[in-house]
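What follows is a single structure, written as structure tokens, with notes after it.
Residue numbers start from 1 in every chain, and the chains themselves are labelled A, B, ... in the order their sequence lines are given, proteins ahead of strands.
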There are 2 protein chains.
Amino acid sequence: MADINFSTAAAQPDSPGTDVSAPGPRTGDLRWDIIELLFFAYRDFVGDADQELEAFGFGRAHHRVMHFVTRYPGLKVADLLDVLRITKQSLGRVLKQLLDEGYILQKTGSNDRRQRLLYATAKGEALVAKLAGLQTDRINRAVAGLDPGGVETVRAFLRAMIDRDDPDKVLETIFGGAAKKTRE
Amino acid sequence: MADINFSTAAAQPDSPGTDVSAPGPRTGDLRWDIIELLFFAYRDFVGDADQELEAFGFGRAHHRVMHFVTRYPGLKVADLLDVLRITKQSLGRVLKQLLDEGYILQKTGSNDRRQRLLYATAKGEALVAKLAGLQTDRINRAVAGLDPGGVETVRAFLRAMIDRDDPDKVLETIFGGAAKKTRE
DNA sequence: AATTTATGTCAGCCATATTGACGTATCTTG
DNA sequence: CAAGATACGTCAATATGGCTGACATAAATT
């Protein structure tokens with residue numbers, strides 16, 4: 001996924017077309033500005049990491065895996081699949097590479113010995129920290145110009161943009177009890 | 001693109017390449033929460049469109065192209081390449097499909113007849129509007145819970161997250177003169 | 001003992017991105 | 001005007017990261 005996606009709107013029905021969809025009343029009430037700002041903001045946000053990743057021969061898929069494993073040590077493979085919303089096979093390739101190259105290590109679950117709990121190695125953590133640093137710098141720059149309390153507004157907005165039905169384990173952590181309040 | 005990507009921290013140019021696990025100074029000052037919220041918010045945001053697109057046999061690439069062509073009628077192929085940050089070859093395939101299926105039409109530039117100016121047909125506009133409607137709904141829901149003025153804070157944040165060096169034509173429009181103030 | 005679950009893996013397909021090379025029409029410039 | 005630069009299209013080959021289906025194994029559950 002990751003990708004981008006958003007959309008456009010309005011359109012006067014002048015040209016020939018086949019009326020693709022229900023005409024829909026909407027015409028001027030669309031959030032074009034925010035839709036586009038989200039696109040560009042996210043594009044540049046992930047762009048920070050992309051460059052660095054190249055140096056390691058990794059792609060975004062590796063970053064996503066590394067990030068969540070680092071942040072939520074002991075994550076099960078199944079949890080990771082829920083979070084990333086990809087298939088076991090897709091994850092397999094990436095995960096194997098990260099294991100082979102020493103960025104992640106597996107431990108057999110103590111309760112359920114079928115589980116492979118995932119942990120980042122120091123090497124893995126360093127990579128994740130480096131990438132998060134770049135993105136944190138961008139966020140700090142963006143937040144610096146806001147009114148006091150602005151960061152909380154941004155958090156509230158982003159949280160409210162997320163689907164809450166059937167949350168994965170990570171989202172439960174984020175929304176559930178452990179709110180992980182960071183500074184500000 | 002579009003994908004997800006975010007990252008983690010620290011690390012300065014300790015050692016080039018090798019010493020991946022340099023401890024790096026950063027440890028507690030990273031914006032983990034916002035990094036993750038951006039990931040999930042964007043994942044669900046683009047997810048809205050993904051489902052609809054399937055019904056048309058289109059992917060995200062098609063959506064991105066349709067969106068910008070609809071929003072910025074008369075966009076040149078070169079402009080689109082700048083905005084999407086993909087290569088001519090990648091755009092080619094998607095664009096050809098959209099042209100063949102009647103979602104977009106080309107007009108030869110009047111000043112410079114080498115240019116192919118792109119316009120969405122009514123059919124194309126309808127598709128884009130439908131997708132923007134879904135995303136607008138999500139944004140409206142998210143914004144509903146904010147303090148008054150919250151939307152402006154969100155806009156300011158997103159704008160500040162975007163790289164301003166060497167902006168493409170669309171960004172110039174967004175940031176430059178035509179600020180396109182939408183409601184609120 | 002039978003079944004279900006958690007994980008891994010093989011094989012192949014698809015979408016979307018890449019680079020490099022080349023062709024053609026058209027604009028710009030010496 | 002001739003030469004070169006530009007805008008666009010396209011062919012060919014390749015990579016990444018998704019997907020489905022099928023199957024294997026070990027461990028938990030019933």
What integer distance in Å separates [X]:[atom1] from [N]:[atom2]?
{"X": "Leu80(B)", "N": "dT16(C)", "atom1": "CG", "atom2": "P", "value": "15 Å"}
{"X": "Glu54(B)", "N": "dT20(D)", "atom1": "CD", "atom2": "P", "value": "10 Å"}
{"X": "Asp50(A)", "N": "dT18(C)", "atom1": "CG", "atom2": "P", "value": "11 Å"}
{"X": "Lys107(A)", "N": "dT7(C)", "atom1": "NZ", "atom2": "P", "value": "16 Å"}
{"X": "Ile104(A)", "N": "dT7(C)", "atom1": "CD1", "atom2": "P", "value": "14 Å"}
{"X": "Leu91(B)", "N": "dA17(C)", "atom1": "CG", "atom2": "P", "value": "9 Å"}
{"X": "Lys169(A)", "N": "dA6(C)", "atom1": "NZ", "atom2": "C1'", "value": "13 Å"}
{"X": "Leu53(B)", "N": "dA15(C)", "atom1": "CG", "atom2": "P", "value": "14 Å"}

Exercise for the section: Provide the full list of salt bridge (Lys or Arg N to Asp or Glu O under 4.0 Å) pairs with a residue in residues 104-122 of chain A, sequence neighbours left out, each pair given once. Expected result: Asp112(A)-Arg114(A)
Handout entry: Any donor-acceptor pair under 3.5 Å from Thr70(A) side chain to Ala120(A) backbone
Key = no
Practice task
Check whether the ring centres of Phe45(A) and Tyr42(B) lie less than 6.0 Å apart, and answer yes or no.
Solution key: no
Completion exercise
With sequence neighbours left out, the residues meeting side chain to side chain contact (heavy atoms under 4.5 Å, CB included) with Asp168(A) are Asp82(A), Val83(A), Val170(A), Leu171(A), Phe40(B), Arg43(B)
With a 4.0 Å limit, can you tell me whether [X] has a side-chain N or O closer than that to the phosphate oxygens OP1/OP2 of [N]?
{"X": "Arg113(B)", "N": "dT28(C)", "answer": "no"}
{"X": "Ser90(B)", "N": "dT16(C)", "answer": "no"}
{"X": "Thr87(A)", "N": "dC19(D)", "answer": "yes"}

Exercise for the section: Establish whether the base of dG17(D) is bridged to the side chain of Arg93(A) by a donor-acceptor pair shorter than 3.5 Å. Expected result: yes
Handout entry: Heavy-atom check, side chain of Phe157(B) versus side chain of Phe157(A), under 4.5 Å
Key = no
Exercise for the section: Mark up nucleotides 5-13 of chain D, 5' to 3', with B wherever a protein heavy atom is under 4.0 angstrom from a base atom, S wherever such an atom reaches only the sugar-phosphate, and - elsewhere. Expected result: -BSBBBB--
Exercise for the section: For a side chain to side chain contact (heavy atoms under 4.5 Å, CB included) with Val69(B), tell me which candidate from Leu105(B), Leu98(B), Leu117(B), Ile104(B) qualifies. Expected result: Ile104(B)
Practice task
Apply side chain to side chain contact (heavy atoms under 4.5 Å, CB included) to the pair Asp137(B) and Asp48(B), showing each step before the final yes or no.
Solution key: CA-CA 10 Å; Asp137(B) 290 342; Asp48(B) 285 337; over 6 Å; no
